[in-house]
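All values below were derived from every heavy atom in this structure, side-chain atoms included, with hydrogens, water molecules and symmetry-related copies excluded.
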Amino acid sequence: MNPASIDRAAAPLLLLAALTGAAGAQHQLPLHQAPPELGIANYAIDATLDPGSKLIRGEEEILWRNRTEYATSELWFHLYLNAFRDDRSTFARGVEGNPWGLPGPVPDEYRGWVEISSLEVLQGGEAVPDAILSRSFAQPDDGNPDDRTVLKVELANPVPPGGNIRLKVVFESRLPRGVARTGWVQDYFFGAQWFPKLGVFEQGRWNCHQYHAFTEYYADFGLYDVRLTVPGGWVVGGSGPSGQRNNGDGTTTYRFQQEKIHDFAWVASPRFDIRNVRVVAPTLPEVDVRLLILPEHRHLGNRYLRAVRESLRRFGEWFGPYPYPMFTLVDPAYRSDTGGMEYPAFVTAGASWLSPEASLTLESIAAHEVAHQWWYAVVASNEFEEAWLDEGLASWSESLLLQTAYPPIRYVEEFLGGVPLVFDHLDISLETINLPNVRRAGARDRMSRPSWQSLDGLSYVTNTYSKPELTLWTLQRLLGEEEMLRVLRTYFDRFAFRHPRTEDFIGVVSEVAGRDMQWFFDETFGSSELLDYAIAEAGSTRLGGETDTAETYRTEVLVRRLEGARLPVEVLLEFEDGSEVSTVWDGGDRWKKFVYDRPSRLRRAAVDPGRKLLLDLDPVNNSWVRREEEGHSPATLRWTSKWLFWVQNLLETFAFLG
């Protein structure tokens with residue numbers, strides 16, 4: 001037998017023995033009616049939190065299954081917390097100033113790291129001598145020799161296709177003061193990306209990027225069995241169902257088990273209030289929801305729970321059933337920098353105690369993170385390389401949820417550093433709320449560019465969140481709402497617990513639409529060009545001499561493409577006798593002139609009259625109306641249009657910032 005591999009048939013039994021027998025009978029929890037399902041990367045973790053030193057001391061046993069057709073003699077690990085080790089990491093260098101936003105030297109309490117003291121290959125519960133040839137830090141993205149967020153392990157014997165390897169890792173992690181989704185504030189501790197975690201082996205290589213300032217995560221599905229020991233009286237939440245045991249020494253051990261997840265995060269604090277509800281819908285499986293809320297936000301509890309209920313029910317009906325038995329929502333501590341984040345079956349939201357109900361700030365964050373359960377937790381696209389495919393879908397789903405469950409959406413502005421003011425008579429549309437960002441930064445990068453290569457923070461936000469959402473709203477206008485939901489249901493059903501790419505999504509869109517939609521994504525996802533059509537000139541001139549009895553008018557309309565993106569667009573001409581002419585222009589050239597001889601003058605010309613192309617930067621210049629007889633000159637109309645455009649732009653900017 002190859003000493004670096006485990007017999008395929010014995011692997012599930014060995015892992016289950018590690019997950020249950022090694023813990024002792026007192027740790028057994030009846031969480032599964034049937035044996036849990038193993039995945040590719042399976043983890044059994046036993047860790048202890050020391051709040052005083054901010055240290056997590058842990059051991060993990062990993063069963064990795066090579067489900068590819070390639071052998072590998074390497075294992076690559078993410079060591080994310082090393083991004084906060086010093087100011088020389090790739091993450092720190094990618095943030096202006098430093099990740100903590102502090103002037104001057106960074107205090108030690110803001111430092112975090114993870115160190116591996118022992119890494120062994122196991123067989124039959126015993127370490128295999130000389131199975132590991134070397135361990136070294138790798139910098140596959142930028143060659144930064146000071147970056148320690150990726151570890152490469154060379155094996156003496158390769159893991160063959162269809163083979164398995166079992167590892168034991170002893171590690172120590174130090175949580176930094178709250179920064180970039182992880183850390184602590186006072187007695188609040190949030191553990192994200194806190195343990196050595198394998199990358200994804202695909203197509204004969206390890207996909208294991210460094211931790212960058214503009215990036216999130218990518219990992220394989222597996223079974224997680226996690227035991228976390230904390231001081232007695234503390235409340236712990238994490239990914240999946242849990243049980244707890246009083247150890248009799250002033251500590252409590254929480255145990256979590258969940259299959260078919262690709263990450264595990266947790267939160268611990270002695271101050272949490274716990275609220276449990278069950279979400280029940282006629283056509284969906286029941287879901288137990290746990291809300292961990294801090295005392296200062298108790299008055300927001302019902303809003304949190306309603307947002308989760310609405311999201312789980314509506315997303316389940318629209319896209320497909322939520323697949324896990326439990327969902328945990330965390331109200332994060334002030335200035336912990338852990339709000340608004342998603343993990344499998346476990347998310348954080350966030351709200352100010354001043355947040356009025358009409359502002360929907362709490363609801364929008366909660367809905368966005370719940371949407372990630374579909375587009376990140378279950379449909380696990382690569383957030384390093386194609387972040388738009390997750391964040392864009394989550395942003396679009398969030399807006400669809402808010403417009404459906406919380407209409408009307410009011411305009412809100414914050415004053416004096418965070419005091420919200422709701423304008424009760426000013427409604428906004430979430431379909432176009434991202435236009436200001438797209439105008440400012442949509443041309444800086446294409447959406448297909450890996451997020452960690454973004455030009456700057458605004459480009460990252462725009463091309464990962466804003467432009468993708470606006471693109472999806474445009475796609476919905478082109479397909480229709482029912483067909484758009486059919487796309488998302490098909491996509492979720494087909495790629496649940498897999499790693500789809502953009503081409504997979506495009507394939508589903510084309511399949512459901514019944515026509516090739518590649519052209520749409522070439523001009524949006526694959527391009528940094530923006531979209532703007534305009535009626536440049538329009539008018540009618542009477543033809544013939546004064547003796548002619550029948551009036552004939554020559555109408556000329558010049559439509560221009562002011563930006564680089566080219567999408568087919570409808571051009572509609574309405575005449576004073578009530579007749580209309582509608583045609584579709586492919587937008588291939590920079591301009592097109594439409595000429596008609598008709599017995600009536602032109603009354604109105606419009607490009608994209610149905611407002612399907614929501615990506616159009618300036619909808620005000622999309623139409624022309626004859627008004628001379630009412631005393632409005634074309635010059636007046638142009639200035640009025642410009643004024644309306646900038647008012648609209650200002651309101652959209654305020655709405656986005658709010």
Problem set entry | Donor-acceptor pair, side chain of S239 and main chain of P344, under 3.5 angstrom | yes
Exercise. Do any N or O atoms from the side chain of W266 and from the backbone of F190 form a donor-acceptor pair under 3.5 angstrom?
Worked result: no
Problem set entry | Nearest-0.5 Å distance that lies between atom CG in L79 and atom CZ in F195 | 11.0 Å
Exercise. With a 3.5 Å cut-off and no angle check, do the side chains of S352 and Y334 form a donor-acceptor pair?
Worked result: no
For this session: Answer yes or no: does atom NZ of K168 have more than 12 heavy-atom neighbours from other residues, nucleotides or ligands under 6.0 Å?
Result: no
Exercise. What do you reckon, are the aromatic ring centroids of F91 and Y211 less than 6.0 Å apart?
Worked result: yes
Exercise. Does the side chain of T251 come under 3.5 Å of the side chain of T229 through a donor N or O and an acceptor N or O?
Worked result: no
Problem set entry | Any donor-acceptor N or O pair under 3.5 Å, side chains Q139, N144 | no
Seminar exercise, completed: Between the CD1 atom in I62 and the CG atom in N164, the distance rounded to the nearest 0.5 Å is 13.5 Å
Exercise. What residues, two or more places apart in sequence or in another chain, satisfy ring-ring contact (aromatic ring centres under 6.0 Å, His included) together with F497?
Worked result: F221
Problem set entry | Trace of the side-chain hydrogen bond (donor to acceptor under 3.5 Å, both in side chains) decision for D225 with Y43 | CA-CA 6 Å; D225 188 304; Y43 295 82; over 6 Å; no
Exercise. With distance as the sole test, does S311 use its side chain to make a donor-acceptor pair with the main-chain N or O of V308 at under 3.5 Å?
Worked result: no
Problem set entry | Y188 vs V267 side-chain heavy atoms within contact, under 4.5 Å | yes
Table please: side-chain donor-acceptor pairs of residues 110-121 below 3.5 Å, with sequence neighbours left out.
from: E115; atom 1: OE2; to: R85; atom 2: NH2; distance (Å): 2.8
from: S117; atom 1: OG; to: V170; atom 2: O; distance (Å): 3.3

Problem set entry | Which residues share a ring-ring contact (aromatic ring centres under 6.0 Å, His included) with Y376, sequence neighbours left out | H262
Problem set entry | Nearest non-hydrogen partners of Y465 and E216, listed with the distance | OH-OE2, 3.7 Å
Problem set entry | Residues forming a salt bridge (Lys or Arg N to Asp or Glu O under 4.0 Å) with R449, sequence neighbours excluded | D445
For this session: Verify whether one side chain among E391 and H372 offers a donor that lies under 3.5 Å from an acceptor in the other.
Result: yes
Problem set entry | Contact check, side chains of L300 and L362, non-hydrogen atoms, under 4.5 Å | yes
For this session: Kindly write out the residues that satisfy salt bridge (Lys or Arg N to Asp or Glu O under 4.0 Å) with R501, not counting sequence neighbours, or none if the list is empty.
Result: E385, E386
Exercise. Any ion pair linking D108 and R174 (charged N to carboxylate O, less than 4.0 Å)?
Worked result: yes
Problem set entry | Side-chain H-bond candidate by donor/acceptor type, N247 with R245, under 3.5 Å | yes
Problem set entry | For L329 against T348, the heavy-atom pair lying closest together | CD1-C, 4.4 Å
Seminar exercise, completed: The salt bridge (Lys or Arg N to Asp or Glu O under 4.0 Å) partners of R275 (sequence neighbours excluded) come to none
Exercise. Counting N and O atoms only, with roles assigned by atom type, does the side chain of E61 sit under 3.5 Å from a partner on the main chain of R166, one being a donor and the other an acceptor?
Worked result: no
Problem set entry | Test item: side-chain donor near acceptor, W375 and S397, under 3.5 Å | yes
For this session: Not counting sequence neighbours, which residues clear ring-ring contact (aromatic ring centres under 6.0 Å, His included) with H78? List them please.
Result: Y80, F384
Problem set entry | Atom pair CG (L223) and NZ (K260), whose distance is rounded to the nearest 0.5 Å | 12.0 Å
For this session: Measure from the side-chain N and O atoms of N66 to the backbone N and O of P160, and report whether any donor-acceptor pair falls under 3.5 Å.
Result: yes
Seminar exercise, completed: In short, side chain to side chain donor-acceptor pair (under 3.5 Å) pairs touching residues 125-135 with sequence neighbours left out are S134-E154
Exercise. Between D456 and S459, do the side chains contain an N or O donor and an N or O acceptor separated by less than 3.5 Å?
Worked result: no
Exercise. Under 3.5 Å, is there a donor-acceptor pair between the N382 and H499 side chains?
Worked result: no
Seminar exercise, completed: Sequence neighbours excluded, the answer for ring-ring contact (aromatic ring centres under 6.0 Å, His included) partners of F264 is F256
Seminar exercise, completed: Rounded to the nearest 0.5 angstrom, the OG-CG distance for S73 and N157 is 10.0 Å
Exercise. Does one side chain, of T90 or Q210, offer a donor that lies under 3.5 Å from an acceptor on the other?
Worked result: yes
For this session: Enumerate the residue pairs fulfilling salt bridge (charged side-chain N to carboxylate O under 4.0 Å, His left out) with a member in residues 191-204, sequence neighbours excluded, ordered by first and then second residue.
Result: K197-D263
Exercise. Is the ring centre of W64 less than 6.0 Å from the ring centre of W76?
Worked result: no
Exercise. Does any donor atom in the side chain of T502 or W388 lie under 3.5 Å from an acceptor atom in the other side chain?
Worked result: yes
Exercise. Quick one: salt bridge (Lys or Arg N to Asp or Glu O under 4.0 Å) partners of D146, sequence neighbours excluded?
Worked result: R88, R93
For this session: Determine whether more than 12 heavy atoms belonging to other residues, nucleotides or ligands lie under 6.0 Å from atom CD of Q186.
Result: no
For this session: Say whether, by atom type as modelled, one donor and one acceptor occur between the side chain of D337 and the main chain of A180 under 3.5 angstrom.
Result: yes
For this session: Decide yes or no for V330 and V347: does some side-chain heavy atom of the first lie under 4.5 Å from some side-chain heavy atom of the second?
Result: no
Exercise. Can you pull the ring pair (Phe, Tyr, Trp, His ring centres under 6.0 Å) pairs that have at least one residue in residues 233-255, sequence neighbours excluded?
Worked result: F189-W234
Exercise. CZ of R290 to CE of M326: how many Å apart, nearest 0.5 Å?
Worked result: 4.0 Å
Seminar exercise, completed: Exactly one of Y217, Y460, W452 clears ring pair (Phe, Tyr, Trp, His ring centres under 6.0 Å) with H212, and that residue is W452
Exercise. Just checking, R177 and W184: is the charged tip under 6.0 Å from the six-membered ring centre and within 45° of the axis?
Worked result: yes
Exercise. With a 4.5 Å heavy-atom cut-off, do L81 and T182 have their side chains touching?
Worked result: yes
Exercise. Would you say the side-chain atoms of N82 and T149 include a donor-acceptor pair closer than 3.5 Å?
Worked result: no
Problem set entry | Interatomic spacing from CZ in F171 to CD in E59 - rounded to 0.5 Å | 9.0 Å
Exercise. How about V287 and Y324: do any of their side-chain heavy atoms sit closer than 4.5 Å?
Worked result: no
